[in-house]
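Heads up: the structure comes next, in structure tokens.
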Amino acid sequence: MESFLRSFTAAQSTRQPYRHPTAAELRTAETGFAAFLDRAPHHLGQLGFSVADDSLVVQEPGTGRAWGLYAIDRSAPPSLVVEVPHPSSDLRTDLIGLALFRQVPGAVLAVAGAHRRREDPAHETRTVFHVVTTLLARRGLPQVQLHGFKDRTLPAADVVVSAGAASVGDAGRRAADRLEAAGFRVRRAWAEPCRGLAGTTNVQGQAAGGGPFLHVELNRTIRETRRDDVVRALADADLRKP
């Protein structure tokens with residue numbers, strides 16, 4: 001899966017084909033993914049998606065329907081959504097997301113299918129990524145969304161943890177504490193300034209409607225050198241649906 005995900009991310013570029021889904025396609029995506037999650041007949045193939053092993057949904061390659069990769073761990077009831085909206089511009093967040101997905105029974109992994117300059121699903125609602133993650137949020141699943149920032153943007157911090165536009169809950173506080181205990185310099189956006197890295201305009205956080213949503217920003221050095229420590233800390237924080 002890791003080599004496949006690396007290839008999936010490497011194919012993204014500022015020049016790749018991309019088009020926004022129509023309103024009708026978004027409705028098909030919502031009903032199709034709901035059926036897929038419930039192991040019912042679905043019509044995701046109409047949108048160009050392929051489905052493998054009842055657990056992996058992947059966009060149509062080489063076309064404008066670059067609408068993402070979605071995986072579900074069927075070993076346990078759905079428990080947590082791990083979101084990677086900018087895999088090719090926030091480098092290595094895809095690998096961190098995959099590793100966290102593997103650590104959490106019942107996790108769902110959502111990875112955007114296009115470069116951020118072609119589609120920015122963290123700030124656009126007219127995306128399949130937003131439809132899928134919002135569907136899961138409505139089912140009560142907590143969300144953790146992974147981002148990256150340049151070291152020089154906030155030199156005093158390795159990680160910024162926030163709840164987006166919502167009030168932070170126990171899970172967010174636990175995540176910050178576990179990351180700090182792992183030796184990271186953690187900036188808690190609800191208590192400290194973080195230079196625009198709090199995710200308050202994030203549309204998934206807004207759509208969560210106060211439900212559990214965790215926005216995690218990681219600097220470049222951490223994403224390159226300490227990915228396993230990040231994953232271990234987030235897994236230990238137990239962000240899953242109770």
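Just so it is clear, the structure is predicted and the values come from calculations on it, not from any experiment.
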Q. So, D53 and S55: side-chain donor and acceptor under 3.5 Å apart, yes or no?
A.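 Their side chains do not contain a donor-acceptor pair, so the 3.5 Å distance test is not met.
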
Q. When you check the side-chain N and O atoms of T63 and E60, is any donor under 3.5 Å from an acceptor?
A.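 The answer is yes; a qualifying pair exists.
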
Only distances under 3.5 Å count here; give the side-chain donor-acceptor pairs of residues 159-173 to other protein atoms, sequence neighbours excluded, each with its distance to 0.1 Å.
| unit_1 | atom_1 | unit_2 | atom_2 | d |
| --- | --- | --- | --- | --- |
| S162 | OG | G164 | N | 3.3 |
| S162 | OG | A198 | O | 2.5 |

Q.
Please give me the minimum heavy-atom distance between A137 and Q143, naming the atom from each residue.
A.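 Scanning both residues completely, I find the closest heavy atoms to be CB-NE2, 3.4 Å.
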
(Q) Can you give me the closest heavy-atom contact between P41 and A35, atom names plus distance? (A)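 In this case the closest contact between P41 and A35 is O-CB, 3.2 Å.
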
Q.
Determine whether R223 and E217 satisfy the following criterion, salt bridge (Lys or Arg N to Asp or Glu O under 4.0 Å), listing intermediate values before the conclusion.
A. CA-CA 10 Å; R223 285 178 280 131; E217 290 269 5; over 6 Å; no

Look at [X] together with [Y] and state whether they make a salt bridge at an N to O cut-off of under 4.0 Å.
{"X": "R188", "Y": "D177", "value": "yes"}
{"X": "D38", "Y": "R139", "value": "yes"}
{"X": "D158", "Y": "R185", "value": "yes"}

Q.
With rounding to the nearest 0.5 angstrom, report the CD to CG distance, E2 to L98.
A.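 It comes to 6.5 Å.
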
Q: Might you work through the salt bridge (Lys or Arg N to Asp or Glu O under 4.0 Å) test for R39 and D54, ending with a clear yes or no?
A: CA-CA 8 Å; R39 288 181 154 155; D54 191 37; 2.7 Å; yes

Q) For the rings on F49 and F33, is their centre-to-centre separation under 6.0 Å? A)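 So the answer is yes for these two rings.
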
**Q.** Heavy-atom check, side chain of V108 versus side chain of F101, under 4.5 Å
**A.**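 Heavy-atom side-chain distance check fails, nothing below 4.5 Å.
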
Q: Take E124 and R116 through the salt bridge (Lys or Arg N to Asp or Glu O under 4.0 Å) test and state the conclusion after the steps.
A: CA-CA 11 Å; E124 298 178 30; R116 183 176 188 169; over 6 Å; no

Q. Considering the options R117, R118, H115, E119, which one meets the side-chain hydrogen bond (donor to acceptor under 3.5 Å, both in side chains) requirement together with Y18?
A.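 Going through R117, R118, H115, E119 one by one, the side-chain hydrogen bond (donor to acceptor under 3.5 Å, both in side chains) with Y18 is satisfied by E119 alone.
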
